[in-house]
Amino acid sequence: MGVNSNSQIPSLSRLAEAMKKDNGKAILQLAHGGRESAYSQNNDYQAIAPSKMDFPWLDYDVKEMTNDDINKIIDDFATATQRAIDAGFDGVEIHNGNHDLLQQFFSAFSNQRIDKWGGSLSNRMELPLAVLKAVRAVIDDNKQADFILGWRISPEEIHGENIGYKVDEMLAQAKKAVEIGIDYLNVSLTGLQYNYAAMPQGYNESFAELFDKISGEAPVFIGSQIHTVADGMAALDNAEGVYIAREALIDPEFTAKVIDKKEDEIVTTMTFERLKEIGLSDGLLKTYATLTDWAKAILLKGLKY
């Protein structure tokens, strides 16, 4: 799914309408894969990144972004926000984590630039914050006071001895984001080494508690390994909101069942038969039909290969 063309607005409008049919809020996540844009790379486009370097897990080369490329990315996020408004969404969430482009710029590992977009901590946060400012300006220019602006982060980037940034650096970036103006902070803990109560090394507080201290009036949402109502309630001990991902694939009616006090009907394990029954897309069905790299990364409890 994309939001890179005005021709997509009618279909995005249908999506927003479907998301809101049960009184939910329709939030469109805005993201750029950067070096991880394998689909684009395989369809005659060039994957781009802060720096041209070898990434052993990629089977293609990446192009180092020019200053013009960077400014176009900022403009593209702003234009995408306008399309989201025109399509009837209630808000947007800027994806600044999970190794997508904005995180790649913030990472000292993947950003080896020596211009104003790299090097120091303040330079490495320049692009993410420039995108946030541009999106904020579009919302303000449209006089959309109720339009929601979310900011999704990965709180640290640590892979063994390979360190892109630690939590104190992301706390500094998040403080700047709060000053610019966000409506919520989504702390994304991806990987089986994390759960919603995880603490960074050297701290006696959870990630959620640390970011709650600097988030001002913006609520902090936390997730990771939320499979049951009990998990969700426990996560709320450290945050003001909870997000679910895998469990939403296993039981798309999870939230409705909680609201209707039908927790005993919630399904928490997946089968291949259920994959077909609940109406997942053909692409997801194909992805989970065999143990692909994607399926390994986002395992659904109960599937046995």
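- Cation-pi geometry between Arg83 and Phe89 is not met: the NZ or CZ atom fails to fall both under 6.0 Å from the ring centre and inside 45° of the normal.
- Residue Leu284 holds its CG atom at 8.5 Å from CG of Leu275, rounded to the nearest 0.5 Å.
- Between Ile298 and Tyr288 there is a side-chain heavy-atom pair separated by less than 4.5 Å.
- Atom CD of Glu17 has 12 or fewer heavy atoms from other residues, nucleotides or ligands within 6.0 Å.
- Under the 4.0 Å criterion applied to side-chain N and carboxylate O atoms, Lys166 and Glu157 are not assigned as salt-bridge partners.
- Counted by atom type alone, Asn195 and Ser224 present zero donor-acceptor pairs between their side chains at under 3.5 Å.
- Under a hydrophobic-cluster definition in which Ile, Leu, Val, Met, Phe, Trp and Tyr are linked whenever side-chain heavy atoms come within less than 4.5 Å, directly or via other members, Leu285 and Tyr305 are assigned to the same cluster.
- The main-chain N or O of Asp76 is never found under 3.5 Å from a side-chain atom of Thr79 such that the two would form a donor-acceptor pair.
- With hydrophobic clusters built from ILVMFWY side chains whose heavy atoms lie under 4.5 angstrom apart, Leu185 shares a cluster with Ile180.
- Contact of the Lys52 side chain with the Lys63 side chain is not registered, since no non-hydrogen atoms from C-beta on lie closer than 4.5 Å.
- A single hydrophobic cluster is not seen to contain both Ile163 and Leu210; linkage of ILVMFWY side chains at heavy-atom distances under 4.5 Å, directly or through other members, places them apart.
- Between Glu253 and Lys262 no salt bridge is recorded (no basic side-chain N to carboxylate O distance below 4.0 Å).
- Listed for the Ser154 side chain is no donor-acceptor partner under 3.5 Å among the backbone atoms of Gly97.
- The shortest side-chain heavy-atom distance between Pro128 and Gln173 falls under the 4.5 Å cut-off.
- Looking only at side-chain heavy atoms (C-beta outward), Phe221 and Phe211 stay at 4.5 Å or farther from each other.
- Note that CG of Asp90 is 8.5 Å distant from CE of Met19, once rounded to the nearest 0.5 Å.
- When all heavy atoms of Ala49 and Leu101 are compared, the closest pair comes out as CA-CD1, 4.5 Å.
- Thr290 and Thr292 are not linked by any side-chain donor-acceptor pair at a separation below 3.5 angstrom, with hydrogens and angles left out of the test.
- A donor-acceptor pair is defined here as one N or O able to donate and one able to accept, closer than 3.5 Å; no such pair exists between the side chain of Glu93 and the backbone of Gly150.
- Side-chain atoms of Tyr194 and Glu156 include a donor-acceptor pair closer than 3.5 Å.
- The line from CD1 of Ile250 to CG of Leu303 is 7.5 Å long, rounded to the nearest 0.5 Å.
- Inspection of the Gln82 and Asn142 side chains reveals an N or O donor paired with an N or O acceptor under 3.5 Å.
- Using a distance-only test at 3.5 Å, with no hydrogens or angles considered, no donor-acceptor pair links the side chain of Gln103 to the main chain of Asn96.
- For the atom pair Leu132 CG and Leu127 CG, the distance stands at 11.0 Å (nearest 0.5 Å).
- No continuous path of ILVMFWY side-chain contacts below 4.5 Å connects Phe106 to Ile114, so the two sit in separate hydrophobic clusters.
- Side-chain contact annotation: Ser206 with Glu209, donor-acceptor N/O pair under 3.5 Å present.
- Judged by the 6.0 Å and 45° rule, Arg35 forms a cation-pi pair with Phe55.
- Distance alone, capped at 3.5 Å, places no donor-acceptor pair between the Glu169 side chain and the Pro155 backbone.
- Between the side chain of Ser107 and the backbone N or O of Phe109 there is at least one donor-acceptor pair closer than 3.5 Å.
- Side-chain contact of Asp100 with Gln104: a donor-acceptor pair under 3.5 Å is absent, judged by distance alone.
- At a threshold of 4.5 Å between side-chain heavy atoms, the hydrophobic network of Ile, Leu, Val, Met, Phe, Trp and Tyr places Met125 and Ile158 in two separate groups.
- A side-chain donor from one of Asn67 and Trp117 sits under 3.5 Å from a side-chain acceptor of the other.
- Using modelled atom types, no side-chain atom of Thr269 and backbone atom of Gly302 make a donor-acceptor pair closer than 3.5 Å.
- Remark: the backbone N or O of Asn4 is paired with a side-chain donor or acceptor of Gln8 at under 3.5 angstrom.
- Between Lys72 and Asp68, none of the side-chain N atoms (NZ, or NE/NH1/NH2) sits under 4.0 Å from a carboxylate O, so this pair counts as no salt bridge.
- Note: Asp168 CG to Leu121 CG = 8.5 Å, rounded to the nearest 0.5 Å.
- For the side chain to side chain contact (heavy atoms under 4.5 Å, CB included) with Glu247, the qualifying choice from Leu300, Asp231, Thr268, Thr228 is Thr268, the only one to do so.
- Within 6.0 Å of the NZ atom in Lys286, the count of heavy atoms belonging to other residues, nucleotides or ligands does not exceed 12.
- In summary, Arg113 and Asp115 engage in a salt bridge, as defined by a charged side-chain N under 4.0 Å from a carboxylate O.
- We find the CD1-OH distance between Ile226 and Tyr243 to be 8.5 Å, quoted to the nearest 0.5 Å.
- For the side chain to side chain contact (heavy atoms under 4.5 Å, CB included) test with Val3, the passing option among Leu28, Val92, Thr81 is Leu28; the others fail.
- The existence of a salt bridge linking Asp264 and Lys257 is excluded, since no basic side-chain nitrogen approaches an acidic carboxylate oxygen closer than 4.0 Å.
- A salt bridge links Asp140 with Arg136: the closest approach of a Lys/Arg side-chain nitrogen to an acidic carboxylate oxygen falls below 4.0 angstrom.
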